[in-house]
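Convention: sequence-line order gives letters A, B, ...; per-chain numbering from 1. In what follows, every heavy atom counts, from backbone to side chain, and hydrogens, waters and symmetry copies are set aside.
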Number of protein chains: 2
Amino acid sequence: MAQKALALSTDAGYTGYGDEQGNKDLREAIANVVYKDKGVKWDEVFISDGAQCDISRLQMLLGSGVTAAVQDPTFPAYVDSSIIVGQAGKFQEETGKFQNIVYMRCCPENDFFPDLATTPRTDVIFFCSPNNPTGAAASRTQLEQLVEFAKANGSIIVYDSAYASYISDESPRSIFEIPGAKEVAIEISSFSKFAGFTGVRLGWAVVPKELKYSNGFPVIKDFNRIVCTCFNGASNIAQAGGLASLSNDGYQALCRSIDFYHENADIIIDAFTSLGIKVYGGKNAPYAWVQFPGRSSWEVFDEILERAHVVTVPGAGFGPGGEGYIRVSAFGRRECMLEASRRLKSLLK
Amino acid sequence: MAQKALALSTDAGYTGYGDEQGNKDLREAIANVVYKDKGVKWDEVFISDGAQCDISRLQMLLGSGVTAAVQDPTFPAYVDSSIIVGQAGKFQEETGKFQNIVYMRCCPENDFFPDLATTPRTDVIFFCSPNNPTGAAASRTQLEQLVEFAKANGSIIVYDSAYASYISDESPRSIFEIPGAKEVAIEISSFSKFAGFTGVRLGWAVVPKELKYSNGFPVIKDFNRIVCTCFNGASNIAQAGGLASLSNDGYQALCRSIDFYHENADIIIDAFTSLGIKVYGGKNAPYAWVQFPGRSSWEVFDEILERAHVVTVPGAGFGPGGEGYIRVSAFGRRECMLEASRRLKSLLK
């Protein structure tokens, strides 16, 4: 990225606006490296300034007249953008939910995968896997069910794979590993967690050509229009960084970073587990999802913050289904993780 | 920017997500340098990834239920985003206009400023000054009329000042030079033309605290919500570049670049003028707006492209009012401008 920035100040290296969809070499690298053998073509990849921005661009495409389902708990941007674009109804104090949004409960009892037999049909299904905050990655069988469910209902899945690079078991790293998914799913993802690009702003969306509205019109054409009018390409410097991180050397370095964060997650999990506290996540995600049955997540957060000076995230921030949990991040220096572990053990034992 | 990119790879220099609204030091620099003595506070400045993206975020804020007016001709993103968000009606073949959009004709006969006495009231007025493509900068008196018009009608002005740094006469460089403008206007702007940041993606919006809906609710609160949910901040590397370009040394270097492009514009203007062709713009903008009365702008574009191998932009791309004109850019190397001038003179004389 430093080289690209310096090159911009030279006659030979200056580049103006690139393609709104992103530089072709980066689109190709994502198709070839991230989606190797998954059937994604380079011109189905749209480079973005991050998954959160793509969620809102998709909401702009979908408009206010659609119904949406979200996992509960999940990353709040799906519901928040649904409210802004006018899909959601009023907030219901008694349930902590917004009207017109279907909340698909994900909890240990259902292996963090929604019970599709009792889930109402919606036009759109936002599905984050590995899930933020629970850390649960859907299995192949579960994703096959999800694709089948969407196909039967004529729904579009917006699949958020921002944490896919943390998957360490056989769970699919992309919805496009599932046969038929290209007819029902859009995938959004990001360099933020995969390559430590938080704040650099780089991500992508895959909109397959096979995905069509019920009238046969390809969704990719509408998304391309949105990208060209409402966005104008990710920063050329960030894109240079994305390309470098998908080179052989870059990719191997990222894999080592991910291994490091997995070890951090193990430290967190061990700390809570040794105290008899149930922990989920960590294996396929940089987050541990720690259960405090019957307790308010804000109360647990406050107690840990004030008594151990360790910052966690109260689960209730991710939807009503996050109540009784806190999310603990593995993104940090090793000595911080070890110190946090020591403090948690002395606080909670 | 190179230094910031390198710093991100160090323990001391790594920064994660910044504030969604942008880094405070950059917001302060914009308030203090660009808006010196114009009464803009740093926390009314929202850093963005460019004016085009801010236009669409504003459209998301406004929604489909508002009416909009645009200059004709003007930068196409206002109308295009109005269509996407659902404000516009059908395209009318006979006029080249979309229903429900008010086109405010700007031409030599009205000094490129709309006749407000005959302009219908709309909820929003998109106003680009200096205008892309005509290069016309509205005078102080004209902008006072515009602010008065918006105030009388309860309209919001979205003022695009992306080319303000090219103003070389006494025309205001910001709508906020006009008393009372903070009650009716949002200003969007960009580093793209001012600092040569095309492709780096950096801009800003100023949403004054005084701007309120008819129910008294401040617009800035809604815009802040949109920025936090639908955007997540401009690239930290681009923001470092923005800050550098507003330092004393940076700002002086940019002023020299702008002078250089003004000289380029003079070369273009001289070429056409020497042939007896009427040229507007150039003085307060990096664009010359060249008039070919009664001719199709695409036909003129084709002829110049095919016979002189010089690329211009057909005026019709900026709305029906652009017919009969071409836009010629002054962004280029000096030897290219001189060569283009030679070819145009030999072609057209």
With a 4.5 Å cut-off on heavy-atom pairs, point out which of B:A238, B:C230, B:A5 contacts chain A the most.
B:C230
What pair of heavy atoms forms the shortest contact from A:T229 to B:S56, and how long is it?
O-OG, 3.9 Å
Given a strict heavy-atom distance threshold of 4.5 Å, which part of A:R333 is in contact with chain B: side chain, backbone, both, or neither?
side chain
For B:E28, I'd like to know if atom CD has over 12 heavy atoms of other residues, nucleotides or ligands within 6.0 Å.
yes
Identify which of A:L8, A:V85, A:I84 forms the greatest number of heavy-atom pairs closer than 4.5 Å to chain B.
A:I84
What is the distance from atom CG of A:L6 to atom CG of B:L6, rounded to the nearest 0.5 Å?
8.0 Å
For A:L202, is it the side chain, the backbone, both or neither that has a heavy atom under 4.5 Å from a heavy atom of chain B?
neither
Region of A:T15 that comes under 4.5 Å of a non-hydrogen atom in chain B
backbone
Residues A:R201 and B:N232: closest non-hydrogen pair is NH2-CB, 3.2 Å
Interface moiety of A:D49 toward chain B, non-hydrogen atoms closer than 4.5 Å:
side chain
Side chain B:Q52, main chain A:C228, donor-acceptor under 3.5 Å:
yes
To the nearest 0.5 Å, how far apart are CE in B:M1 and OG in A:S235?
7.5 Å
State the CE-OG distance between B:M60 and A:S81, to the nearest 0.5 angstrom.
6.5 Å
Pick one of side chain, backbone, both or neither for A:Y14, based on which atoms fall under 4.5 Å of a heavy atom in chain B.
side chain
Of B:L61, B:I55, B:D54, B:D11, the largest count of non-hydrogen pairs under 4.5 angstrom with chain A goes to B:D11
Closest heavy-atom pair and its distance - B:C53, A:F231
SG-CA, 3.9 Å
Working to the nearest 0.5 Å, report the span between CZ of A:R225 and CD1 of B:I83.
8.5 Å
To the nearest 0.5 Å, what is the distance between CG on B:N236 and CZ on A:F197?
10.0 Å
With respect to chain B, which residue among A:I226, A:D80, A:D222, A:V200 yields the maximal number of heavy-atom pairs within a distance under 4.5 Å?
A:V200
